[in-house]
*Asks:* 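Okay, here's the structure, questions in a sec.
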Amino acid sequence: MGEKELRKNMSILPVSTVSKLTGLTPRQLRYYERFELVYPKRSAGNQRLYSLNDIERLLEIKDYLDSGMTMQEIRRVLSKTNAPQISNDPDSLSDTEARKIFHKEMLRVGRWENHGSNNLW
DNA sequence: CTTCTAACA
DNA sequence: TGTTAGCA
């Protein structure tokens, strides 16, 4: 697995950020998790941590729902393309390193907001 | 922030 | 069926 893919699979984004990024409410994010459309990690405080791949997934889910697709159908499609979240050891990262990565993502978020772009990665 | 149940269209 | 309000 390349370094890029590794970073995309790191779960570091809290629901508030993911909500703004995807336009989905935290409630919807929880609902989708119930249907196994996404499998975010959990922080020590039991709060969801999403990866960049999860963002892409969620955006896809949005489109699929607009297309009139069902949760079950979406789950089937997504389970083929993207296997369940794999081993991304957040514990293997030092705190400073994790903070660096998170800050980087925050900067990216700001950039998108300024450009108002929907074509993300 | 999390969980849960009940309710709506 | 997808989503939400209100609670603890």
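This is a predicted model, so every value here is computed, not measured. We name chains A, B, ... by the order of the sequence lines, and we start the count at 1 in each one.
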*Asks:* Please confirm whether the backbone N or O of A:Arg75 pairs with a side-chain atom of A:Ser79, one donor and one acceptor, at under 3.5 Å?
*Replies:* yes
*Asks:* What distance separates A:Tyr32 OH from A:Lys62 NZ, expressed to the nearest 0.5 Å?
*Replies:* 9.0 Å
*Asks:* Find the distance A:Arg75:CZ to C:dT1:P and express it as a whole number of Å.
*Replies:* 14 Å
*Asks:* Would you say the side-chain atoms of A:Asp54 pair up with the backbone N or O of A:Ser51, donor to acceptor, closer than 3.5 Å?
*Replies:* yes
*Asks:* Sugar-phosphate means primed atoms, P, OP1 and OP2; the rest is base. With that split, encode nucleotides 2-9 of chain B 5' to 3' as B, S or - using protein heavy atoms under 4.0 Å.
*Replies:* BB------
*Asks:* Looking at A:Arg42, I want to see if its CZ is surrounded by more than 12 non-hydrogen atoms of other residues, nucleotides or ligands under 6.0 Å.
*Replies:* yes
*Asks:* What is the nucleic acid contact for A:Ser43, judged by heavy atoms within less than 4.0 Å: base, sugar-phosphate only, or nothing?
*Replies:* nothing
*Asks:* Applying side-chain contact (heavy atoms from CB on, under 4.5 Å), can you list everything that pairs with A:Arg76, at least two apart in sequence or on another chain?
*Replies:* A:Lys80
*Asks:* Please name all residues satisfying side-chain contact (heavy atoms from CB on, under 4.5 Å) with A:Val18, sequence neighbours left out, ordered by chain then number.
*Replies:* A:Leu13, A:Thr22, A:Leu29, A:Tyr50, A:Ile55, A:Leu58
*Asks:* Could I get the full list of side-chain contact (heavy atoms from CB on, under 4.5 Å) partners for A:Glu73, not counting sequence neighbours?
*Replies:* A:Met69, A:Thr70
*Asks:* How would you list, by chain and number, every residue that makes a side-chain contact (heavy atoms from CB on, under 4.5 Å) with A:Gln47, sequence neighbours excluded?
*Replies:* A:Ser43
*Asks:* Measure from CG on A:Asp66 to P on C:dG2 and round the result to the nearest Å.
*Replies:* 13 Å
*Asks:* Just need the stems in DNA chain B: three or more back-to-back Watson-Crick or G-U pairs, each with both distances under 3.5 angstrom, sorted by first number.
*Replies:* B:4-8 with C:2-6
